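Worksheet for the structure shown next.
Every heavy atom of this structure was used, including side-chain atoms; hydrogens, water molecules and symmetry mates were not. Lettering of chains follows the sequences in order, A, B, ..., and the numbering in each one begins at 1. These figures come from a predicted structure and were not determined experimentally.
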2 protein chains.
Amino acid sequence: MSATILIVEDEDDVAVLLRYNLEAEGFRVATAASGDEAVERIRDGVPDLILLDWMLPGLSGIELCRRWRAREETARTPIIMITARGEEEERVRGLATGADDYVVKPFSIPELLARINALLRRSSPQLVTAVLKAGDLELDRTSHRVRRGNREVHVGPTEYRLLEYLMRHPGRVYSREQLLDGVWGNEVYVDERTVDVHVGRLRKAINRGRDTDPIRTVRGAGYAFDERFAAAAANVVAD
Amino acid sequence: MSATILIVEDEDDVAVLLRYNLEAEGFRVATAASGDEAVERIRDGVPDLILLDWMLPGLSGIELCRRWRAREETARTPIIMITARGEEEERVRGLATGADDYVVKPFSIPELLARINALLRRSSPQLVTAVLKAGDLELDRTSHRVRRGNREVHVGPTEYRLLEYLMRHPGRVYSREQLLDGVWGNEVYVDERTVDVHVGRLRKAINRGRDTDPIRTVRGAGYAFDERFAAAAANVVAD
DNA sequence: ACCGCATGTCACTGAACTGTAACAACAATG
DNA sequence: CATTGTTGTTACAGTTCAGTGACATGCGGT
């Protein structure tokens, strides 16, 4: 059901960070610390997407990419290359060799996740839900629209990401810190109270004229998308 | 339903790149790395179009082209030759030998796709959707014309490709980066803000004297062709 | 060479968005 | 009920972002 991602990265720190974040997103993760190991992993099973560090000891990223593109089973597997800042020509060669996208180190996790999801949506639509639904609330990632009932509501970019993040795991409570990491990005330093303000803005936008609020405040802990919202709203509709 | 394209190309990089992009467009793809292999592939089945590298080991492109033109089944199959920069006489000879079009390496993918579609439209019209419609907006790929209502509007080449690209997937939001890749080509380095300017020009052209804008700006994300534009315009007409 | 068209970049403007602080409202505790 | 800590809300100032007109360049045709 969930997508498998292969991480090919020799720097342990980065690999661990990636694994952690991807698993938190619900992906299954395999890792390889070298080109040879990557080839072996692929033998075990073709992943749905590959994260490929361009600078590898031994078999280079380019070489790996070329090989995979040439083989029938992996020819259409999306590849995201990871390059260091400034390796401009590498990037060009990478895309020419068949990589589908790239991120530059140091990269932000939310951005990487967005790119991963975008590519998966293209290559394996069934693995990625393009539309998140809960009760009468709907978030369409393809068209970037949010609807409540049949009325479209406008939310700003940050509120959009926040809602998307919360809706991904209904019921799960996120601390303000987690939300800052997940929605704003790891390198951004923002006051925790700012989360409150954006939650407020999001609520105002999606609850305009309604009396049920899909966002639950957990005092002392953080916020969650109310997992009972879907059911409750369904009853209202049924009434 | 979809057209089959045979790629005859000995350089692996190029062949893979082509296969990938053509498959992404929905074409079925067969490849041959040499003239002899190409002859064999043709025996398996005549493709709807041939991409032919002019510089081949063994049987040359010219020779292949001549043979195919002489045979009944392949006489009318469109052939696009791929030549390296500077092979001026080759190009002339190619066209004389019966190639229908040519691209010069390195070529831009969008341009190649445009040429492929143009030729297919001529030879196998049933395989290619010629007219994209949405509401009172119409883009005719055969005549390269755009109409709004019953008035023809003039748009520049870039704006034309941009509109075509956006109309292909109504509702879908494309980042400026994606638009640069898809409309301008992967190897072109252009400022992202240039997209804004062209969107502006496109809007000016197609909205002249109207108040509905089919192009939606998604702040922080990119642009999309408004999927509800068709419906909205239909209502207006119905009123 | 000249002209017109298309293109990409820049600078400027207005609008949208963002983060912070201040204060009001609220819940929990004794 | 008073106190304290937490959350909701609003206003505001700073920042970012998209729209637009102007301009330089390049290209093809005459």
### Message
Both B:Val190 and A:His198 contact DNA chain C. Which one's nearest nucleotide lies toward the 5' end?
### Response
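Here B:Val190 is the residue nearer the 5' end.
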### Task
Let me know, please, whether A:Pro157 or B:Val155 comes out on the 5' side of the other along DNA chain C by nearest nucleotide.
B:Val155
Tell me whether the side-chain N/O atoms of [X] come closer than 4.0 Å to OP1 or OP2 in [N].
| X | N | value |
| --- | --- | --- |
| B:Trp184 | C:dT7 | no |
| B:Thr158 | C:dA6 | no |
| B:His154 | C:dA6 | yes |

Among [options], the one nearest [X] by side-chain distance:
| X | options | answer |
| --- | --- | --- |
| A:Arg219 | C:dC17, C:dT7, C:dA27 | C:dA27 |
| A:Glu159 | C:dT18, D:dT7, C:dT7 | C:dT18 |
| A:Asp196 | C:dT7, C:dG19, D:dT7 | D:dT7 |

Which part of the nucleic acid, if any, lies within contact of [X], taking any heavy atom under 4.0 Å across all strands shown: a base, the sugar-phosphate backbone alone, or nothing?
| X | result |
| --- | --- |
| B:Glu192 | nothing |
| B:Arg203 | sugar-phosphate |
| B:Val197 | base |
| B:Tyr223 | sugar-phosphate |
| A:Thr194 | base |

Protein-nucleotide distance ([X], atom [atom1]; [N], atom [atom2]), rounded to Å:
| X | N | atom1 | atom2 | value |
| --- | --- | --- | --- | --- |
| B:Arg193 | C:dT7 | CZ | P | 18 Å |
| B:Leu202 | D:dG19 | CG | C1' | 14 Å |
| B:Asp191 | D:dT25 | CG | C1' | 16 Å |
| A:Leu180 | C:dT18 | CG | P | 14 Å |
| B:Leu162 | C:dT7 | CG | C1' | 13 Å |
| A:His144 | D:dA18 | NE2 | P | 12 Å |
| B:Asp213 | D:dT20 | CG | P | 9 Å |

### Query
Looking at B:Arg147 and B:Asp140, does any basic side-chain N land under 4.0 Å from a carboxylate oxygen?
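The answer is no: the pair does not qualify as a salt bridge.
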### Query
Got a salt bridge between B:Arg210 and B:Asp136, using NZ or NE/NH1/NH2 to carboxylate O under 4.0 Å?
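Counted as a salt bridge, because a side-chain N and a carboxylate O are separated by less than 4.0 Å.
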### Message
Heavy-atom count check: over 12 atoms from other residues, nucleotides or ligands less than 6.0 Å from A:Glu177 CD?
### Response
no
### Query
Are there more than 12 heavy atoms of other residues, nucleotides or ligands under 6.0 Å from atom CZ of B:Arg168?
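Atom CZ in B:Arg168 is crowded, with more than 12 foreign heavy atoms closer than 6.0 Å.
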### Query
Does B:Arg201 or B:Gly222 map to a spot on DNA chain D nearer the 5' end, using the closest nucleotide for each?
B:Gly222
### Task
Compute the centroid of each ring, for A:Tyr174 and then for A:Tyr165, and state whether the two points are separated by less than 6.0 Å.
yes
